[in-house]
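Computed from a predicted model, the values in this text were never measured in an experiment.
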Amino acid sequence: MKTTGLIVCMFLVMGIFSLRAQETPAMPENFIVFEEFVQPANAPAFTKVQQEAIDLWKELEFDLTFFTYSTDVSSYYWVIPIQNFAAIDELYAKVGELTTKMKDSGFDAVKKFRDLSTTRETVIHWDKDLSYHPNGYVGQTNENRYCEWTFFYLKAGHEKEMADAIKQYIDFFDSIDENWEWDVYTVSMGYDSPCWILMDRSENSLSLRKLEASLQEKYGETFGKLWKDMQPHLRKMDVVTGWFLPDWSMNYER
């Protein structure tokens with residue numbers, strides 16, 4: 001489905017508006033993700049127009065929360081927490097109203113973003129039991145902006161075995177004193193299901209590679225056994241890297 005960067009974030013705005021009246025958990029468990037693809041040749045024009053849009057949101061004091069990431073595959077993730085699928089229905093129902101409001105403010109999204117991007121949508125669920133945060137803090141920070149997403153495409157019916165394999169990693173890390181954390185998201189709608197996404201965060205790529213090398217040197221044999229138990233349940237896997245963009249994100253705890 002072709003759309004614009006502005007329309008994408010209008011979707012995000014309405015998702016938040018529809019949820020404000022509800023009590024939201026400290027750590028949201030469901031998210032809708034709009035992945036926006038931009039051809040490299042269009043990147044300068046897209047960045048310019050998108051920045052204009054974000055400046056306008058701030059000027060109009062939009063009450064919204066979302067997280068934005070750039071990736072190494074010429075795309076952006078616009079991530080917003082939602083309570084349930086009903087919030088998505090409200091989001092689409094009200095997007096026309098917001099489009100009009102932005103246009104009345106002098107920003108014609110259709111004209112400005114024309115031919116600059118395409119999008120796809122995914123709904124994901126944060127799996128608390130399979131994510132690992134021994135220090136108790138979860139969520140995105142300005143300090144750990146570098147991110148890696150490993151997309152695990154499971155064989156049909158292998159969800160339980162995959163969960164058991166991840167829990168073995170958790171049990172192992174509970175037995176050692178190392179600084180490693182991760183989040184696991186399961187795809188509720190979109191992508192090549194069943195698909196699980198493991199997200200790592202770090203200060204930068206180099207720091208993550210150094211940590212991986214250190215762990216491999218100390219525990220390589222154990223990691224080999226753990227991976228051997230996980231691998232039979234996978235059809236394929238892909239890795240996407242990228243960066244959190246705080247200046248293109250709004251109303252999150254820094």
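- Note that the CH2 atom of Trp196 and the OG1 atom of Thr150 stand 14.5 Å from one another [nearest 0.5 Å].
- Counting non-hydrogen atoms of neighbouring residues, nucleotides and ligands closer than 6.0 angstrom, the CG atom of Asp171 exceeds 12 such neighbours.
- A donor atom on one side chain and an acceptor atom on the other are found under 3.5 Å apart for Glu36 and Trp78.
- A continuous path of hydrophobic side-chain contacts links Met102 to Leu116 [ILVMFWY only; heavy atoms under 4.5 Å].
- Val73 and Ile197 end up in the same hydrophobic cluster when Ile, Leu, Val, Met, Phe, Trp and Tyr side chains are linked at under 4.5 Å.
- The shortest side-chain heavy-atom distance between Tyr153 and Leu234 does not fall under the 4.5 Å cut-off.
- Connection of Phe151 to Met199 is established within a shared hydrophobic cluster, with ILVMFWY side chains joined at heavy-atom distances below 4.5 Å, either directly or through further cluster members.
- Proximity of Phe66 to Phe31: side-chain heavy atoms (C-beta onward) are nowhere separated by under 4.5 Å.
- Among residues two or more places apart in sequence or in another chain, the salt bridge (Lys or Arg N to Asp or Glu O under 4.0 Å) test is passed with Lys228 by none.
- The aromatic ring centroids of Tyr69 and Trp248 lie 6.0 Å or more from each other.
- Put simply, CZ on Phe37 and OG1 on Thr119 are 9.0 Å apart, with the number rounded to the nearest 0.5 Å.
- Salt bridge Glu161/Lys155: absent, no basic N to carboxylate O contact under 4.0 Å.
- Applying the salt bridge (Lys or Arg N to Asp or Glu O under 4.0 Å) test to every pair with at least one member in residues 44-54, sequence neighbours left out, gives these pairs: Lys48-Glu52, Glu52-Lys112.
- Proximity of Asn30 to Ile124: side-chain heavy atoms (C-beta onward) are nowhere separated by under 4.5 Å.
- Residues Tyr169 and Leu154 share a hydrophobic cluster, clusters being chains of Ile/Leu/Val/Met/Phe/Trp/Tyr side chains in contact below 4.5 Å.
- Under the 6.0 Å cut-off for aromatic ring centres, Tyr132 and Trp182 qualify, their centroids lying closer than that.
- We find that Asp164 and Lys160 are joined by a salt bridge, their nearest charged nitrogen and carboxylate oxygen being less than 4.0 Å apart.
- Note that CZ of Phe173 is 8.5 Å distant from CG of Leu226, once rounded to the nearest 0.5 Å.
- Counting only heavy atoms from C-beta outward, the side chains of His125 and Tyr185 never approach each other to under 4.5 Å.
- Once rounded to the nearest 0.5 Å, the distance linking OG1 of Thr222 with CD of Gln216 reads 10.0 Å.
- A salt bridge links Arg201 with Asp183: the distance from a Lys NZ or Arg NE/NH1/NH2 to an Asp or Glu carboxylate oxygen falls below 4.0 Å.
- Side-chain contact between Met230 and Met162: present, with at least one pair of heavy atoms (C-beta onward) separated by less than 4.5 Å.
- For Glu148, the salt bridge (Lys or Arg N to Asp or Glu O under 4.0 Å) test picks out Arg209, with sequence neighbours left out.
- Partners of Phe172 under the ring-ring contact (aromatic ring centres under 6.0 Å, His included) rule, at least two apart in sequence or in another chain, are Tyr219, Phe223.
- Within the structure, every pair that satisfies the salt bridge (Lys or Arg N to Asp or Glu O under 4.0 Å) test and touches residues 230-241, not counting sequence neighbours, is listed here: Asp192-Arg235, Asp192-Lys236.
- By the 4.5 Å heavy-atom criterion applied to side chains, Thr122 and Glu35 are not counted as neighbours.
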Taking it one step at a time, do Asp127 and Thr186 satisfy side chain to side chain donor-acceptor pair (under 3.5 Å)?
CA-CA 7 Å; Asp127 195 312; Thr186 58; 5.5 Å; no
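- Both Leu198 and Met237 belong to a single network of hydrophobic side chains, linked directly or stepwise wherever heavy atoms of I, L, V, M, F, W or Y lie under 4.5 Å apart.
- Each of Phe67, Tyr77, Tyr76 was compared with Leu245 under the side chain to side chain contact (heavy atoms under 4.5 Å, CB included) criterion, and only Tyr76 meets it.
- Taking CD of Glu29 as the reference point, atom OG of Ser131 lies at 9.5 Å (rounded to 0.5 Å).
- The structure places OG of Ser75 at 8.0 Å from CZ of Arg120, a figure rounded to the nearest 0.5 Å.
- Side-chain atoms of Trp126 and Val138, non-hydrogen and from C-beta on, do get closer than 4.5 Å to each other.
- Two residues are said to be in side-chain contact when any heavy atoms from C-beta on lie closer than 4.5 Å; Leu208 and Tyr146 meet this criterion.
- Not counting sequence neighbours, Gln39 has no partner by the side-chain hydrogen bond (donor to acceptor under 3.5 Å, both in side chains) test.
- Closest approach of Cys147 to Phe244, counting heavy atoms only: SG-N, 4.4 Å.
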